[in-house]
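Throughout, a chain's letter reflects where its sequence line sits, starting with A, and its residues are numbered from 1.
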2 protein chains.
Amino acid sequence: MRIGELSKNTGFQVETLRFYEKQGLISPVGRTESGYREYDQESLKQLHFIQQAKSVGFSLNEISELLTLRVERDQHSCSEVKTIAEQKLVQIESKINELNKMRDALHKITDACCGGPEPATSCTILNALDNV
Amino acid sequence: MRIGELSKNTGFQVETLRFYEKQGLISPVGRTESGYREYDQESLKQLHFIQQAKSVGFSLNEISELLTLRVERDQHSCSEVKTIAEQKLVQIESKINELNKMRDALHKITDACCGGPEPATSCTILNALDNV
DNA sequence: CTTGACCCTATAGTAGACTTTAGGGTTTAT
DNA sequence: ATAAACCCTAAAGTCTACTATAGGGTCAAG
Ligand SMILES: [Zn+2]
Ligand SMILES: [Zn+2]
Ligand SMILES: [Zn+2]
Ligand SMILES: [Zn+2]
C-alpha cells in the first residue's frame, strides 16, 4: 500500500509517517518506479506497536529502541526489555509525584482564597506565592 | 545589585534573568552609566514569587499574568486570581489522570515479564505492545 | 487532455523554557 | 597595567514531536 492508505489504516498523518521514517522508526518495503513509498502488513504492525508504546508514555527515542528489540527478539533478553519498561515506570511515577505535590500546594492556597469580587488586596493566593 | 548578585541571591542563572526580562517578567530598576542592569529588593521578591509560581506548575505566560495581578492588586479581584489558579488545578489534575492511566497500563504489562536473561522471543512486554 | 487526488523533497516553523555563541565593553584586584 | 571576573547585545541553537510551506512530479477518471 502507499503512504496515504497506511495513514488511513493507522491514524497517523502522512507527514508524521514521513517524519517517523526520518527518525528511523519505520521504513517502506520499497519504492515504486516513480518513487512512491510502498508499505506492507509489517509496516502496519510496526505502527500499531508505535501507537501502543506512545500510549503508555514512551518517547520516540525509546520506541526506536523497543522496535529494535522487537525485531531482534532472539538476540535480546527479557531483562533488557523489562529494564527499559521499568525505567519508564520510574519516570512516570516521579512525574506523578511531582504533580501531586504541585496539586496539593496549589489546592491549599487556592482553597484559602475567597474568590469574591472584591479587590485582591490581601488575596491569599498572591500572598502565598509571595511568601514561601 | 547587579545581575550576577541577583543570580546568586535567587538561584536563577544570569542568562535566565535576561531571558525573563525579554519575556516581560522582570525588569531592572535602572542601568549604570556603563549600561549594567541594577536591581533592588523588589526584584528579589518578584523572582521569589516567580520561583513559587513555577513550583506549583504555572507557565511563564501564566506567571506573567499573575505578576500583573500582584502589582495591580487593587484593580483586580480575588475572583480573577482564583480563576487562574483553579484552571491550573484542573490542568494538573488531568495530567495526573493521564499519567496514572499510563502507569497502570505499563505496570500491568511490565509485571507479566519475567525480566530474565533468556531471549525475549516471547516477552510479554513486546507482545503486549504488539497486540492491543 | 486536463483536473483533482495523491505523491515527492527540502526547508522552515511551532511551542516552551531556556542555553549557547560571537564579539565586545567594564570593573576590580594585584 | 594587565588579567580575571563580570557585564552587554543580538542571534542562533536545544529538545520533542510534529506541522506547514514551497515547488514540483504521477496517476486515474471523465
Ligand atoms: Zn478574597
Ligand atoms: Zn484571593
Ligand atoms: Zn521472559
Ligand atoms: Zn519479557
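Two residues, T32(A) and F12(A), neighbour DNA chain D, and the one matched to the more 5' nucleotide by heavy-atom proximity is F12(A). Map E33(B) and S59(B) each onto its nearest nucleotide of DNA chain C; the residue landing nearer the 5' end is S59(B). Nearest-nucleotide positions on DNA chain C for E15(B) and F58(B) put F58(B) closer to the 5' end.
In terms of the salt bridge (Lys or Arg N to Asp or Glu O under 4.0 Å) criterion, residue partners of E98(B) (sequence neighbours excluded) are, by chain and number, K95(B). By the salt bridge (Lys or Arg N to Asp or Glu O under 4.0 Å) test, R70(B) pairs with D130(A), E42(B), sequence neighbours left out. Shown here are the side-chain hydrogen bond (donor to acceptor under 3.5 Å, both in side chains) partners of S43(A), two or more places apart in sequence or in another chain: D40(A). In terms of the salt bridge (Lys or Arg N to Asp or Glu O under 4.0 Å) criterion, E5(A) has no residue partners (sequence neighbours excluded). Residues that satisfy the side-chain hydrogen bond (donor to acceptor under 3.5 Å, both in side chains) test with S27(A), not counting sequence neighbours, are absent from this structure. A search for salt bridge (Lys or Arg N to Asp or Glu O under 4.0 Å) contacts involving R103(B) returns nothing, not counting sequence neighbours. Under the rule for a side-chain hydrogen bond (donor to acceptor under 3.5 Å, both in side chains), T83(A) has no partner lying at least two apart in sequence or in another chain.
The side chain of L60(B) lies closest to dA17(C) when the candidates are dT19(D), dA17(C), dT16(D).
Once rounded to the nearest 0.5 Å, the distance linking CZ of F58(B) with CE of M102(A) reads 10.5 Å.
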Interface polar pairs with nucleotides 3-9 of chain C, N/O, under 3.5 angstrom:
unit_1 : atom_1 : unit_2 : atom_2 : d
dC7(C) : OP1    : G4(A)  : N      : 2.8
dC8(C) : OP1    : R37(A) : N      : 2.8
dC8(C) : OP1    : R37(A) : NH1    : 2.9
dC8(C) : OP2    : R18(A) : NH1    : 2.5
dC8(C) : OP2    : R37(A) : NH1    : 3.3
dC8(C) : O5'    : R37(A) : NH1    : 3.4
dC8(C) : O3'    : R31(A) : NH1    : 3.4
dT9(C) : OP1    : R31(A) : NH1    : 3.2
dT9(C) : OP1    : R31(A) : NH2    : 3.1
dT9(C) : OP2    : R37(A) : NH1    : 2.9
dT9(C) : OP2    : R37(A) : NH2    : 2.7

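Identified under the salt bridge (charged side-chain N to carboxylate O under 4.0 Å, His left out) test for residues 76-94 of chain A, with sequence neighbours left out: E62(A)-K88(A).
Hydrophobic clustering of Ile, Leu, Val, Met, Phe, Trp and Tyr side chains at less than 4.5 Å, counting indirect connections, unites F19(B) with I50(B).
Protein atom CD1 of I63(B) is 12 Å distant from nucleotide atom C1' of dG16(C), rounded to whole Å. Atom CG in L17(B) sits about 15 Å away from atom P in dC6(D), given to the nearest Å. Between the P atom of dC15(D) and the CG atom of N61(A) lies a distance of 10 Å, rounded to the nearest Å. If you take NZ of K22(B) and C1' of dA12(D), they are 10 Å apart, rounded to a whole angstrom. Rounded to an integer number of Å, the gap from OH of Y20(B) to C1' of dT19(C) is 12 Å. Rounded to an integer number of Å, the gap from CG of L6(B) to C1' of dC7(D) is 14 Å.
Across its full length, the helix from dC1(C)-dG30(D) to dT30(C)-dA1(D) shows an angle of 30° between the axes of its 5 terminal pairs at either end, rounded to 10 degrees.
OP1 or OP2 of dC18(C) lies within a sub-4.0 Å distance of a side-chain N or O belonging to K54(B). Look at Q13(A) and you'll find a side-chain N or O under 4.0 angstrom from OP1 or OP2 of dT19(D).
Put simply, the side chain of E21(B) never gets that close to the backbone of P28(B): no donor and acceptor are under 3.5 Å apart.
Within residues 93-101 of chain B, no residue has any heavy atom closer than 4.0 Å to DNA chain C.
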Pairs under 3.5 angstrom only: tabulate donor-acceptor contacts from the side chains of residues 107-116 of chain B to other protein residues two or more places apart or in another chain.
unit_1  : atom_1 : unit_2  : atom_2 : d
H107(B) : ND1    : D111(B) : OD2    : 3.1
T110(B) : OG1    : L106(B) : O      : 2.6

